[in-house]
Amino acid sequence: MIDVIRREAIYFWYYFSVQFEQIFFYWVLGMILGSAISVFLKDRIHNIFRSLSEKKLGALGIVAASVLGIASPLCMYGTIPIAASFSKSGIKDDWLAAFMMSSILLNPQLIIYSAALGHTAFGVRIISSFLCGCAAGLLIRIFYRRKTFFNFSSFEEPKSRDIHPNILIRFMKNLGRNIKATGIPFLVGVALSALFQRYVPEDFMTKLFGGNEAFGVLMAATIGVLLYACGGGTIPLLQAWLYDGMSMGSAAAFMITGPATKITNLGAVKIVLGVKRFGLYLLFTILSALLTGFIVNLVV
């Protein structure tokens with residue numbers, strides 16, 4: 001029995017160490033880039049968005065809002081108070097919807113993590129997040145042109161935590177918070193990936209996520225809802241699943257439903273939407289994931 005446990009521990013450590021070595025560089029780079037943007041560029045990104053309200057861009061503003069949402073380094077609980085401030089500055093709900101949706105799905109840190117998945121998955125994640133943001137903005141523009149979609153009445157813009165006068169210390173403190181927030185989920189993700197590679201047969205993953213592509217997209221979207229906890233923690237799992245035969249469309253569906261239905265994100269979004277519009281958000285998320293997955297499988 002002891003020999004069996006020792007053997008399994010050796011196998012687990014092998015898969016864990018291989019996966020860790022493949023992902024660790026991207027995780028560290030993501031930490032550094034995310035903290036740098038948060039400390040040095042966050043206010044500039046948000047001020048650019050505020051300045052857009054002075055320009056008569058119309059629907060084109062949705063495109064810019066989606067791009068800036070991806071560039072924003074804040075989590076959703078940080079994004080919503082900022083969006084409340086944008087709303088007070090005169091930015092319309094369609095632009096805010098694009099900004100918030102793309103911000104939920106992607107941020108600079110997660111972009112770097114996703115590079116570990118390869119060029120195709122990397123490109124799919126960026127493009128699908130951008131287009132989902134644009135789609136959310138366009139739908140609000142069409143159906144809520146004369147009505148208010150968000151309720152920011154209870155939110156005020158938060159005070160920045162990056163206030164130390166020494167710029168290096170300010171950066172290091174932000175980096176420390178990033179590591180503390182993502183370190184454990186990252187290690188858990190690597191461990192789960194090692195367990196999947198050791199104990200789940202490759203042909204099972206192919207049948208689940210790749211053999212029947214429509215079924216695989218549906219399963220990936222569903223698992224994204226149930227499993228997603230942290231962007232960095234899911235990258236090792238996605239990398240292993242793609243290696244074992246997961247279709248790119250299934251990965252795309254997972255990358256949309258996962259962050260969009262993360263518990264902390266759902267809690268934040270529900271506060272500003274209410275029950276009815278929160279239901280519309282969930283419906284939009286599921287349909288976007290499925291449609292994106294089907295299209296990616298056809299194209300890729």
Side-chain angles (χ1 to χ4, degrees), residues 12-13 16-46 69-83 100 102-117 125 129 155-195 224 226-240 254-255 258-271:
F12 173 80
W13 176 250
F16 182 93
S17 61
V18 169
Q19 191 74 42
F20 183 85
E21 290 173 7
Q22 291 175 340
I23 301 291
F24 182 71
F25 168 77
Y26 298 98
W27 179 68
V28 171
L29 187 60
M31 292 292 97
I32 295 172
L33 178 65
S35 292
I37 291 176
S38 185
V39 171
F40 306 119
L41 295 177
K42 177 182 66 180
D43 290 340
R44 183 174 298 180
I45 292 169
H46 294 160
I70 290 173
S72 176
L74 297 176
C75 68
M76 189 42 48
Y77 270 104
T79 295
I80 286 180
I82 291 294
M100 291 170 65
S102 63
S103 182
I104 285 175
L105 296 179
L106 198 56
N107 58 54
Q109 205 162 296
L110 191 52
I111 289 174
I112 298 299
Y113 294 159
S114 300
L117 300 175
R125 180 155 223 171
S129 298
F155 284 91
E156 296 291 337
E157 185 169 353
K159 294 181 180 179
S160 175
R161 298 171 67 183
D162 301 312
I163 57 174
H164 197 282
N166 186 302
I167 197 168
L168 180 60
I169 294 177
R170 197 189 317 165
F171 170 76
M172 293 305 295
K173 283 187 172 182
N174 189 287
L175 181 61
R177 291 196 299 270
N178 258 337
I179 293 172
K180 184 178 179 180
T182 64
I184 291 178
F186 169 74
L187 293 175
V188 169
V190 175
L192 288 175
S193 174
L195 291 173
L226 299 174
L227 185 62
Y228 200 94
C230 170
T234 57
I235 296 300
L237 286 172
L238 275 171
Q239 188 183 58
F254 181 90
M255 289 188 288
T261 59
K262 180 182 174 183
I263 292 297
T264 52
N265 287 342
L266 288 181
V269 170
K270 189 176 184 297
I271 293 173

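Model, not experiment: these values are computed from the prediction. Just so you know, residue 1 is the first one in the sequence shown, and it goes up from there.
- Separation of atoms CZ (F25) and CD1 (I112) is listed at 8.5 Å; rounding is to 0.5 Å.
- Residues N107 and S72 have side chains not in contact (no heavy-atom distance under 4.5 Å, counting atoms from C-beta outward).
- Summarising the geometry, atom CZ belonging to R44 is positioned 14.0 Å from atom NZ belonging to K42; distances are rounded to the nearest 0.5 Å.
- With V190 as reference, F20 is the one residue of F20, W27, F24 to meet the side-chain contact (heavy atoms from CB on, under 4.5 Å) rule.
- Here the closest heavy-atom approach between residue L266 and residue T261 is recorded as CD1-O, 3.3 Å.
- The two residues N178 and Q109 make their nearest non-hydrogen contact at ND2-OE1, 3.1 Å.
- Checked by atom type and distance alone, the side chain of S193 never pairs as donor or acceptor with a backbone atom of G189 at under 3.5 Å.
- Across all non-hydrogen atoms, the minimal contact from S129 to L105 is OG-CB, 3.6 Å.
- For the pair Y26/L29, no side-chain contact is recorded, criterion being any heavy-atom separation below 4.5 Å from C-beta on.
- For N174, the side-chain hydrogen bond (donor to acceptor under 3.5 Å, both in side chains) test picks out S35, S38, D162, with sequence neighbours left out.
- Other residues, nucleotides and ligands place more than 12 heavy atoms under 6.0 Å from the CZ atom of R177.
- Side-chain contact between M255 and L117: present, with at least one pair of heavy atoms (C-beta onward) separated by less than 4.5 Å.
- Taking all atoms of both residues into account, the shortest heavy-atom contact from P73 to I37 is CG-CG2, 3.9 Å.
- Every side-chain hydrogen bond (donor to acceptor under 3.5 Å, both in side chains) that S103 has, sequence neighbours left out, goes to T79.
- Closest non-hydrogen pair, G30 versus Y113, comes out as CA-CE2, 4.1 Å.
- Between L187 and F16, the closest side-chain pair of non-hydrogen atoms falls below 4.5 Å.
- A distance of 11.0 Å separates OG in S114 from CD in Q239, rounded to the nearest 0.5 Å.
- Every residue was checked against the ring-ring contact (aromatic ring centres under 6.0 Å, His included) condition with F171, not counting sequence neighbours, and none meets it.
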Before you tell me yes or no, could you show the steps for T234 and F254 under side chain to side chain contact (heavy atoms under 4.5 Å, CB included), namely the whole-Å CA-CA distance, both residues' side-chain angles and the distance that decides it to 0.1 Å? CA-CA 10 Å; T234 57; F254 181 90; 4.0 Å; yes
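- Applying side-chain contact (heavy atoms from CB on, under 4.5 Å) to V39 and the options K173, R170, M172 leaves one that passes, R170.
- Going from atom CD1 of I104 over to atom CG of L106 covers 12.0 Å, rounded to the nearest 0.5 Å.
- The shortest side-chain heavy-atom distance between I23 and I235 falls under the 4.5 Å cut-off.
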